[in-house]
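Reading through the structure tokens given below for one structure.
Keep in mind that the numbers below use all heavy atoms, side chains included, and drop hydrogens, waters and symmetry copies. Numbered from 1 within each chain, the chains take letters A, B, ... in sequence-line order.
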Amino acid sequence: MKIVLKNVDVIHPEEKINQKGVSVLLNDGLISKIGELSKEETEGSREFDFTGKILVPGLFDMHVHLREPGREDEETVITGCNSAAAGGFTGVACMPNTEPAIDTAEIVKFIKEQAANHLVDVHPVAAASLGRKGEIISPMAELVDAGAVAFSDDGDAIKNSSVLRRAFEYANMFNAPIIEHCEDESLADGAMNEGLNSTLLGLPGLPSVAEDIIVSRDILMAEYTGGRIHIAHISTKNSVNLVREAKKKGTKVTAEVTPHHFTLTDDGLKSYDTNMKMNPPLRTEEDIDAIIKGLKDGTIDCIASDHAPHSLEEKESEFQFAPNGIVGFETTVGLSFSELLHKNKLSIEELIKKLSINPRKILNLPIPKFEVGTLANFTIIDPKLVWTVDTSKFKSRSKNSPFDKRLLTGKAVAVINRKKMFVDDQWFDLTGA
Amino acid sequence: MIDMALSSRHLLGLQGVSREDIQTILDTAHTFREILERPIKKVPTLQGKTIVNLFYESSTRTRISFELAEKRLSADSINFSVSGSSVSKGETFKDTIKNIEAMKVDMVVVRHAAAGTPLYLTKISSSNIINAGDGTHEHPTQALLDMYSIRQKLGRLEGLKVCIVGDVAHSRVALSNIFGLKTMGAKVSICGPSTMIPRNIQDLGVEVIYNIDEAIQENDVLNVLRIQLERKAREYFPSIREYAKYFGITQERLDKNGKDILILHPGPINRGVELSSEVADGSNQIILYQVTNGVAIRMAVLYLLGTLN
């Protein structure tokens with residue numbers, strides 16, 4: 001099948017491509033030509049007019065919870081991939097806090113098999129310790145062989161510093177990063193950011209220092225062992241500063257931030273809305289300022305959604321008893337464009353690096369190339385499209401989002417990968433007739 | 001009865017409640033206080049109204065106080081007590097509420113360990129909601145009865161210096177008192193070990209004192225909170241002995257000050273910890289007077305909300 005993506009602005013920050021209003025010809029899902037197309041070249045093709053849209057290397061979300069195996073009522077690999085595609089992602093890395101945890105080769109393979117025929121590439125992050133218990137390191141060699149791209153006890157930090165050390169040392173044989181959910185458990189008995197708002201709401205506080213302590217411990221351990229640390233969902237000013245200083249020293253540290261942590265503050269909890277409940281918790285304006293500065297100067301490498309679907313009945317409860325997290329795939333592009341690009345915090349190239357290039361680099365995955373003959377792996381975004389979030393239309397099986405009814409500017413309108421295309425709510429097989 | 005109304009159909013806390021509304025509740029309570037002294041302590045005001053006392057946390061005195069207030073107003077009241085969270089019970093909180101509502105109730109008095117639950121109730125229920133204590137958030141009727149008691153004893157609230165003493169960080173009484181008293185023009189301070197002072201509390205315009213003698217010296221009223229003796233709370237101070245020695249109020253400390261001071265305590269008292277027995281039974285305290293006023297305050301709140309519709 002021949003398709004033409006007409007009149008689109010092609011941007012590839014890694015390949016230094018920024019071409020306005022060109023056409024892209026695909027033949028059976030492979031790139032055939034980028035540029036001016038002649039009549040003969042387009043003959044018999046299906047045309048998609050993307051005037052005013054941008055075409056970038058497929059977006060990648062390196063921190064998501066697909067809930068399978070264990071909580072298929074909240075999400076499955078397939079519904080999660082559908083949600084990812086609708087949000088503009090062609091690849092994801094899924095976290096191991098499933099039931100059971102992703103700590104055997106069989107579970108890694110099981111997850112990859114679920115997504116074998118999907119447009120979205122699924123790369124499991126395996127547990128760093130058996131059962132995520134923080135006691136014995138997981139069989140990392142076998143897990144890497146099966147397809148795991150990183151290790152994490154996400155949901156918790158690796159509690160024991162000795163286990164953390166062994167995890168760094170062992171994972172380093174495969175150049176795999178340890179992804180840490182940085183939170184000192186002994187300080188983390190809270191439901192929201194500790195500060196004036198937690199005092200006013202009478203909710204137990206989760207102090208920012210609980211994150212900072214583990215970020216500094218992990219940085220020091222990465223330095224000591226030569227291992228790679230990736231800080232998941234960074235949320236505090238001090239943590240951003242710690243990562244910045246460590247990078248200056250040459251420590252192998254990278255960091256991600258979620259859209260909600262650069263968009264919302266703990267002021268949003270005044271209504272005890274359980275959709276505002278997440279971990280790390282929403283912090284303050286001061287933290288957001290530090291995060292945006294960190295995104296700009298490269299301290300924070302990428303944006304990840306921490307897509308965390310939860311059932312309605314679990315979120316519809318007393319605040320303290322509600323689970324943490326929000327559905328992230330389908331609002332990440334809108335929030336990133338609205339809050340970062342349109343507010344002139346990041347350029348389009350910087351933003352695409354954080355949404356597509358850098359996460360793949362961190363996970364040692366190939367960057368999609370814009371070369372003739374290679375597999376087309378694209379996201380097409382309308383940067384100016386103004387739209388209203390409607391959680392009832394989410395492809396995710398869950399609807400927990402604090403962004404329902406929020407007006408956003410910028411939306412992914414199509415994704416292409418693995419010889420498939422998703423556009424206008426329809427799936428196309430690009431190898432067909 | 002006096003013709004008055006409140007600007008809200010719920011009482012969730014005292015944050016944001018106007019001076020006029022607090023005044024109305026205190027004045028209405030004063031009328032009911034007189035009824036409580038009569039041989040027949042019952043009025044037909046809420047006849048035909050159904051009130052559910054929904055207690056998700058054990059409480060004896062608050063529940064009895066509400067129950068008595070309901071009976072004195074001739075309302076039909078039902079007690080629903082669950083220990084622990086709804087999660088452990090299998091039925092969601094929302095389903096429990098929907099079930100109770102299906103039995104046609106008018107008002108719900110709620111006590112819950114999770115802060116914000118009364119506000120959540122207003123979203124899933126059409127009844128009038130009264131907060132009888134939510135987590136470490138608010139306990140508005142306790143603060144109202146404290147304010148009423150102070151006003152009766154000292155004649156005013158405006159300009160008075162009131163210090164809240166003890167585990168402020170884990171108290172629902174403290175926050176309601178701070179909001180209510182400040183709205184009524186009192187000067188509020190708090191005193192306790194630094195581990196029991198909530199973060200950023202100074203931003204609410206309250207002074208923090210770490211010395212109990214200074215607190216006694218500088219205030220007209222001490223509202224002394226109960227120290228939780230269970231293990232969790234014990235992480236916040238080294239020992240009961242040390243607490244009693246440095247923050248406990250003794251007759252000796254009061255005598256040393258010389259000036260008359262009013263002492264309140266929401267109960268139940270830990271004798272020999274936050275108050276010495278001598279002080280707990282002494283001439284400065286008004287602990288049982290508060291308990292009697294509690295019924296009048298709850299009658300006032302139930303009446304004002306129950307006759308609003």
Side-chain angles (χ1 to χ4, degrees), chain A residues 73 184-212 236 238 265-277 281-287 310-324 400 402 404, chain B residues 12-16 56-57 82 84-98 110 112-124 131 133-140 168-176 178-179 190 197-206 232 235:
Chain A
D73 62 314
D184 182 333
E185 199 189 25
S186 67
L187 284 167
D189 187 20
M192 68 173 289
N193 180 50
E194 183 172 276
L196 178 61
N197 280 329
S198 66
T199 295
L200 285 175
L201 293 167
L203 288 169
L206 245 165
S208 54
V209 73
E211 176 169 322
D212 307 335
T236 74
N238 282 346
T265 68
D266 64 355
D267 283 341
L269 283 113
K270 282 177 183 160
S271 58
Y272 295 94
D273 181 356
T274 57
N275 283 325
M276 294 272 183
K277 190 178 177 192
L282 297 175
R283 306 278 186 193
T284 66
E285 283 297 342
E286 203 187 348
D287 296 301
H310 284 293
S311 69
L312 185 66
E313 61 271 22
E314 278 183 13
K315 274 287 190 185
E316 270 199 338
S317 76
E318 303 91 320
F319 190 87
Q320 262 161 276
F321 305 142
N324 290 306
N400 52 301
D404 194 28
Chain B
L12 306 179
L14 293 187
Q15 185 182 13
Y56 271 81
E57 198 184 59
V82 199
S85 74
S86 57
V87 179
S88 64
K89 224 187 129 239
E91 188 181 44
T92 67
F93 181 72
K94 191 178 175 183
D95 283 336
T96 306
I97 299 310
K98 291 283 170 203
V110 61
H112 202 294
T117 303
L119 176 65
Y120 178 53
L121 251 178
T122 64
K123 292 171 188 165
I124 57 175
N131 181 4
D134 63 328
T136 56
H137 182 220
E138 287 224 43
H139 190 359
V168 178
H170 297 94
S171 170
R172 47 173 70 120
V173 178
L175 208 54
S176 290
I178 291 169
F179 290 131
I190 57 176
I197 304 299
R199 219 167 154 80
N200 302 81
I201 192 83
Q202 291 93 333
D203 296 359
L204 299 181
V206 299
K232 176 94 179 72
E235 287 170 24

Can you tell me how far apart [atom1] ([X]) and [atom2] ([Y]) are? Round to the nearest 0.5 Å.
{"X": "B:Asp134", "Y": "A:Gln320", "atom1": "CG", "atom2": "CD", "answer": "9.5 Å"}
{"X": "B:Ile201", "Y": "A:Leu196", "atom1": "CD1", "atom2": "CG", "answer": "8.0 Å"}
{"X": "B:Gln202", "Y": "A:Thr199", "atom1": "CD", "atom2": "OG1", "answer": "9.5 Å"}
{"X": "B:Asn200", "Y": "A:Glu194", "atom1": "CG", "atom2": "CD", "answer": "8.5 Å"}
{"X": "B:Leu121", "Y": "A:Glu318", "atom1": "CG", "atom2": "CD", "answer": "9.0 Å"}

inquiry  = Donor-acceptor check, side chain of B:Tyr120 to backbone of A:Glu316, threshold 3.5 angstrom: yes or no?
reply    = yes

remark   = Ranked by heavy-atom pairs below 4.5 Å to chain B, first place among A:Asn197, A:Leu200, A:Asp273, A:Thr274 goes to A:Leu200

request  = Let me know if A:Ser271 has heavy atoms under 4.5 Å from chain B in its side chain, its backbone, both or neither.
outcome  = both

ask   = Can you say whether B:Ala169 sits under 4.5 Å from chain A via the side chain, the backbone, both, or neither, judging by heavy atoms?
value = neither

request  = Apply side-chain contact (heavy atoms from CB on, under 4.5 Å) to A:Glu314 and list each qualifying residue two or more places apart in sequence or on a separate chain.
outcome  =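 For A:Glu314, the residues satisfying side-chain contact (heavy atoms from CB on, under 4.5 Å) (neighbours in sequence not counted) are A:Arg71, A:Glu74, A:His310, A:Ser311, A:Pro323.
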
message = Working note: A:Phe319 + B:His137, criterion ring pair (Phe, Tyr, Trp, His ring centres under 6.0 Å); need CA distance, chi angles, decisive distance, verdict.
response = CA-CA 12 Å; A:Phe319 190 87; B:His137 182 220; over 10 Å; no

query = Do you know which two heavy atoms are closest between A:Gly202 and B:Ala115, and how far apart they sit?
reply =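 Shortest heavy-atom contact: O-CB, 3.4 Å.
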
